[in-house]
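Worksheet for the structure shown next.
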Amino acid sequence: MALKWNEIESYAKDWVKEAGESIKASFQKKLTVQTKSNENDLVTNMDKETEQFFIGKIRNTFPEHRIMGEEEEHDQLTDLKGVIWIIDPIDGTMNFIHQQRNFAISIGIYENGIGKIGLIYDVVHDELYCGIKGRGAYVNETKLPKLNGVAVKKAIVGVNATWVTENDKIDPAILGRLVKDVRGTRSYGSAAIEMAYVATGRVDAYISLRLAPWDYAAGAIIVEELGGVITKLTGAPINLLEKSSILVAKPDLHKEIIDHYVTNFKEQTK
Ligand code: IPD
Ligand code: CA
Ligand code: CA
């Protein structure tokens with residue numbers, strides 16, 4: 001039986017809004033904060049509860065669909081067959097804890113590896129970014145225009161300062177020259193929000209040297225619907241089964257960055 005994508009979209013949007021209400025309500029309550037891989041890698045009870053909320057809804061409504069989520073329980077995926085929901089319940093957890101803003105729910109729904117529905121919900125601003133394969137991208141009810149090219153020297157690029165400062169993993173020179181040449185840089189602390197900002201033209205590109213599929217799965221669908229380009233920083237295609245670098249940008253800008261700025265970059269294996 002053919003999948004009813006309108007129905008999936010409608011459920012997904014309702015669940016995202018419902019989860020957003022619970023997250024807003026949690027501002028009045030005490031959060032439980034734990035650390036994960038290091039002392040700045042944070043997770044709260046709301047990250048876990050929100051992911052559980054989506055898992056419960058999906059398993060009840062679409063039992064044949066598979067789930068890749070950031071926190072605890074999810075299917076261990078080794079392939080992209082069938083319909084897969086890729087979920088980051090709160091992207092920008094540090095902002096959620098410290099600022100109560102600049103975080104988002106991010107959900108990408110893929111079928112056999114092809115992006116079908118991308119949802120990024122900026123809960124506090126009540127902005128739901130939505131990309132539907134073949135039907136364009138929207139913020140709430142407003143259709144977004146296609147992205148036009150821009151040159152590096154006129155571009156605002158989202159990049160985290162840790163990638164251009166001395167650290168034990170990455171040579172700061174890799175992005176240093178680009179950061180010097182662009183008009184400006186911004187760092188919002190949520191990959192999903194930064195990709196939504198590429199979609200709206202608030203920034204022209206976003207670069208991270210290490211992201212997980214749940215950070216970019218929704219944003220990739222939204223940006224590609226508008227003619228934007230997403231690849232690894234090497235220009236290679238993204239792979240939803242692995243962590244990697246990400247360059248998401250307006251079309252001409254993506255090419256200029258790859259052709260003239262990326263040298264000696266190797267994917268981190270850890
Ligand atoms: C993080 C945010 C952040 C990015 C990190 C991600 P989280 O996601 O997107 O902007 O720099 O790499 O892990 O942990 O808040 O869901
Ligand atoms: Ca994330
Ligand atoms: Ca998260």
Side-chain angles (χ1 to χ4, degrees), residues 16 19-20 22-23 26 31-55 67-74 85-108 118-124 129 157-165 167-170 172 174-175 179 185-199 202-203 205-223 230 232-233 238 240 242-248 267-270:
V16 162
S22 304
I23 291 173
S26 80
L31 277 182
T32 310
V33 182
Q34 293 170 310
T35 57
K36 296 195 284 185
S37 60
N38 63 63
E39 61 179 14
N40 299 323
D41 186 8
L42 308 174
V43 62
T44 73
N45 58 304
M46 282 314 292
D47 296 70
K48 294 180 183 174
E49 285 168 29
T50 305
E51 185 166 299
Q52 284 305 321
F53 166 81
F54 286 117
I55 289 172
I67 300 168
M68 184 198 294
E70 178 174 16
E71 313 301 343
E72 292 164 298
E73 183 209 327
H74 54 83
W85 295 59
I86 305 181
I87 301 173
D88 193 336
I90 298 181
D91 182 64
T93 297
M94 197 185 287
N95 290 347
F96 169 62
I97 297 167
H98 286 256
Q99 308 180 330
Q100 286 86 49
R101 69 194 66 207
N102 295 323
F103 64 87
I105 298 170
S106 174
I107 297 187
L119 296 175
I120 294 175
Y121 186 37
D122 178 340
V123 171
V124 171
Y129 301 84
V157 173
V159 62
N160 186 319
T162 52
W163 300 130
V164 281
T165 46
N167 69 69
D168 54 0
K169 290 189 191 139
I170 292 284
I174 289 169
L175 292 178
V179 165
T185 58
R186 297 290 182 272
S187 184
Y188 295 96
S190 158
I193 295 233
E194 286 169 282
M195 293 178 76
Y197 284 3
V198 174
R202 291 173 193 160
V203 299
Y206 168 67
I207 299 175
S208 171
L209 301 189
R210 192 101 183 115
L211 277 189
W214 43 82
D215 298 314
Y216 62 77
I221 298 170
I222 297 169
V223 169
I230 174 166
K232 297 179 185 175
L233 196 57
I238 51 172
L240 292 164
E242 64 181 27
K243 294 187 178 177
S244 71
S245 63
I246 289 294
L247 165 61
V248 48
E267 291 292 337
Q268 289 171 263
T269 47
K270 274 193 180 169

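Everything numeric in this text was worked out from a predicted model, so none of it was measured. As the structure lists them, so they are numbered: ligands from 1, and atoms in each ligand from 1.
- A 4.5 Å side-chain heavy-atom check between Thr93 and Val43 finds every atom pair outside the cut-off.
- In this structure, CD in Glu49 is found 8.0 Å from OG1 in Thr44, a value given to the nearest 0.5 Å.
- Taking a cut-off of under 4.0 Å to the non-hydrogen atoms of Ile90, the atoms of ligand 1 that pass are 16 (O).
- Residue-ligand proximity, Asp91 to ligand 1, at heavy-atom distances under 4.0 Å covers atoms 1 (C), 2 (C), 7 (P), 8 (O), 9 (O), 15 (O), 16 (O).
- Excluding waters, the set of protein N, O or S atoms lying under 3.0 Å from the Ca ion (ligand 3) comprises Glu70 OE1, Asp88 OD1, Ile90 O.
- With values rounded to the nearest 0.5 angstrom, Asp122 atom CG is found 12.0 Å from Ser106 atom OG.
- By the 4.5 Å heavy-atom criterion applied to side chains, Val124 and Phe103 are counted as neighbours.
- If you look at Asp88 next to ligand 1, the close heavy atoms, those under 4.0 Å, all belong to the side chain.
- The proximity of Asp215 to ligand 1, defined as any non-hydrogen pair under 4.0 Å, is limited to the side chain.
- Contact check for Leu31 versus Asn45: side-chain heavy atoms found under the 4.5 Å cut-off.
- Side-chain atoms of Arg186 and Tyr206, non-hydrogen and from C-beta on, never get closer than 4.5 Å to each other.
- With a 4.0 Å cut-off on non-hydrogen atoms, Met94 does not touch ligand 1 at all.
- A donor atom on one side chain and an acceptor atom on the other are found under 3.5 Å apart for Asp91 and Ser190.
- Here the straight-line distance linking atom CD of Glu194 with atom CD1 of Ile246 works out to 13.0 Å at 0.5 Å rounding.
- Annotation for ligand 1: atoms under 4.0 Å from non-hydrogen atoms of Arg210 are 12 (O).
- Atom 3 (C) of ligand 1 has Gly189 O, 3.7 Å as its closest protein atom, hydrogens excluded (heavy atom only).
- A heavy-atom distance below 4.5 Å is found between the side chains of Ile238 and Tyr216.
- The minimum heavy-atom distance linking Leu119 with Ala218 is given by the pair O-CB, 3.5 Å.
- Within the structure, the closest approach of Ser190 to ligand 1 falls below 4.0 Å when heavy atoms are considered.
- Under the 4.5 Å side-chain criterion, counting only non-hydrogen atoms from C-beta, Leu175 is in contact with Leu209.
- By the 3.5 Å distance cut-off applied to N or O atoms, Ala191 is counted among the residues near ligand 1.
- Scanning all protein heavy atoms for the shortest distance to atom 14 (O) of ligand 1 gives Glu70 OE2, 3.8 Å.
- Short contacts between ligand 1 and Leu211, defined as distances under 4.0 Å to a heavy atom of the residue, involve ligand atoms 12 (O).
- Residue, atom and distance of the protein heavy atom nearest to atom 7 (P) of ligand 1 are Gly92 N, 3.7 Å.
- At least one side-chain heavy atom of Ile105 sits less than 4.5 Å from a side-chain heavy atom of Ile23.
- The ligand atoms of ligand 1 that sit less than 4.0 angstrom from a heavy atom of Thr93 are 15 (O).
- Scanning the protein heavy atoms around atom 11 (O) of ligand 1, the nearest turns out to be Asn160 ND2, 4.2 Å.
- Between Leu247 and Ile230, every side-chain heavy-atom pair lies at or beyond the 4.5 Å cut-off.
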